Number of protein chains: 2
Amino acid sequence: MVHYQVRLDTTFAALSDVTRRGVLEQLGGSDASITDLAQRFHMTLTGMKKHVSILEQAGLVTTEKVGRVRTCKLGQRRLEEEAAWIEQHRQLWSARFDALDELVEHLKRKEKADAQRKRR
Amino acid sequence: MVHYQVRLDTTFAALSDVTRRGVLEQLGGSDASITDLAQRFHMTLTGMKKHVSILEQAGLVTTEKVGRVRTCKLGQRRLEEEAAWIEQHRQLWSARFDALDELVEHLKRKEKADAQRKRR
DNA sequence: TCTACAGTGAACCATATGGTTCACTATCAG
DNA sequence: CTGATAGTGAACCATATGGTTCACTGTAGA
């Protein structure tokens with residue numbers, strides 16, 4: 001899938017900002033308005049609105065405006081794809097490093113054997 | 001930790017580019033030179049060098065130059081922190097949505113009961 | 001030694017990002 | 001109706017990003 005890659009792009013990009021990760025943590029505790037978030041992160045309303053839009057774009061947050069206040073909550077996307085990507089690569093990493101470990105172990109054993117052979 | 005946040009910043013930023021994720025997958029298969037990678041991703045040497053530097057900066061890749069060729073391999077960092085962050089928030093997500101599910105279930109039951117009461 | 005090759009660094013470019021201010025709309029409370 | 005409040009959008013700004021070209025260094029091979 002092509003879109004899959006675009007999705008990872010936008011999500012990881014969304015997560016690469018401290019403020020936005022902070023907003024997610026905040027929303028994990030309770031829903032909040034733009035004003036709430038703007039205050040908590042010492043930022044203008046406009047600035048926070050942008051961050052929220054980016055999170056919304058990435059599907060990590062959903063918002064609903066009732067009256068004049070827009071309430072933000074955690075979105076439906078639960079980072080499955082991202083977790084999957086990272087997990088997959090952690091396994092790759094591990095596999096490669098395990099192979100390296102084995103090689104090292106093998107060399108150690110060989111070295112030991114050689115040393116013993118030499119001693120005889 | 002303050003540095004912890006900076007680290008997440010740089011790692012997620014590193015992962016937010018298709019090319020760089022591609023390089024990681026590539027290196028998961030086998031080590032490669034800058035030239036190899038540049039060719040595979042249709043890019044100039046200079047361009048690829050930049051990507052590799054970013055990945056190296058994030059600790060996801062290590063490189064060693066022997067002779068005139070610089071060989072790139074997967075780095076020591078295995079995305080533990082990032083996986084942890086995501087997992088933590090997936091749990092948060094889940095907790096909140098589970099609570100929502102329960103609420104919905106509760107309302108459903110209540111509705112059903114009300115309907116029955118009315119029918120009598 | 002001569003030539004080709006791998007990488008590097010500086011300069012440059014277009015576009016994206018993270019933030020602001022300012023002017024505006026819409027809603028709430030009295 | 002009026003004033004304060006919440007959000008929005010356009011314009012602007014500085015800096016970062018992803019890429020290029022070009023000139024350069026260092027190494028490998030014939």
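Because the structure is predicted, anything quoted here is derived from the model rather than measured. Letters go in sequence order (proteins before strands), and every chain restarts at 1.
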Candidates C:dT8, D:dG19, C:dG7 - which lies nearest the side chain of B:Ser33:
C:dG7
Just by distance, do the side chain of B:Arg21 and the backbone of B:Leu15 share a donor-acceptor pair under 3.5 Å?
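Yes; judged by distance alone, with no hydrogens or angles, the pair exists.
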Please write out each protein N/O paired with an N/O of nucleotides 21-25 of chain C under 3.5 Å, distance rounded to 0.1 Å.
{"residue": "C:dT21", "atom": "O4", "partner": "A:Thr46", "partner atom": "OG1", "Å": "3.4"}

Upstream residue (5' side of DNA chain C) when A:His51 and B:Asp36 are each assigned their closest nucleotide
B:Asp36
Could you check A:Gly67 against A:Asp17 and say which one's nearest nucleotide on DNA chain C is further toward the 5' end?
A:Asp17
Nearest whole angstrom, please: distance from the [atom2] of [N] to the [atom1] of [X].
X	N	atom1	atom2	answer
B:Asp9	D:dA16	CG	C1'	13 Å
B:Leu55	D:dT17	CG	C1'	14 Å
A:Arg20	C:dT17	CZ	C1'	8 Å
A:Leu45	D:dT5	CG	C1'	10 Å
A:Met43	C:dT17	CE	C1'	12 Å
A:Met48	D:dT8	CE	P	13 Å
B:Phe41	D:dG19	CZ	P	11 Å
B:Ile34	D:dT25	CD1	P	20 Å

Please assess A:Asp36 against A:Asp31 for the test side-chain contact (heavy atoms from CB on, under 4.5 Å), listing each intermediate value before the final yes or no.
CA-CA 10 Å; A:Asp36 293 341; A:Asp31 300 349; over 6 Å; no
Does atom CD of A:Glu87 have more than 12 heavy-atom neighbours, drawn from other residues, nucleotides or ligands, at distances under 6.0 Å?
yes
Which part of the nucleic acid does A:Lys65 contact within heavy-atom distance under 4.0 Å: base, sugar-phosphate only, or nothing?
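Contact class for A:Lys65: sugar-phosphate only.
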For DNA chain D, whose closest nucleotide is more 5', that of A:Lys50 or that of A:Arg70?
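By nearest-heavy-atom nucleotide position, the 5'-most residue is A:Arg70.
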Is B:Ile54 close to B:Leu60 at the side-chain level, that is, under 4.5 Å between some pair of heavy atoms?
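No, their side chains stay 4.5 Å or more apart.
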Residue pair A:Val23 / A:Met48, side-chain heavy-atom distance below 4.5 Å
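Side-chain contact under 4.5 Å: yes.
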Mind telling me whether B:Phe12 and B:Trp85 have parallel, tilted or perpendicular rings, with 30° and 60° as the class edges?
perpendicular
Does the pair B:Glu81 and B:Thr11 meet the rule for a side-chain contact (heavy atoms from CB on, under 4.5 Å), with working shown?
CA-CA 10 Å; B:Glu81 288 172 15; B:Thr11 313; 6.0 Å; no
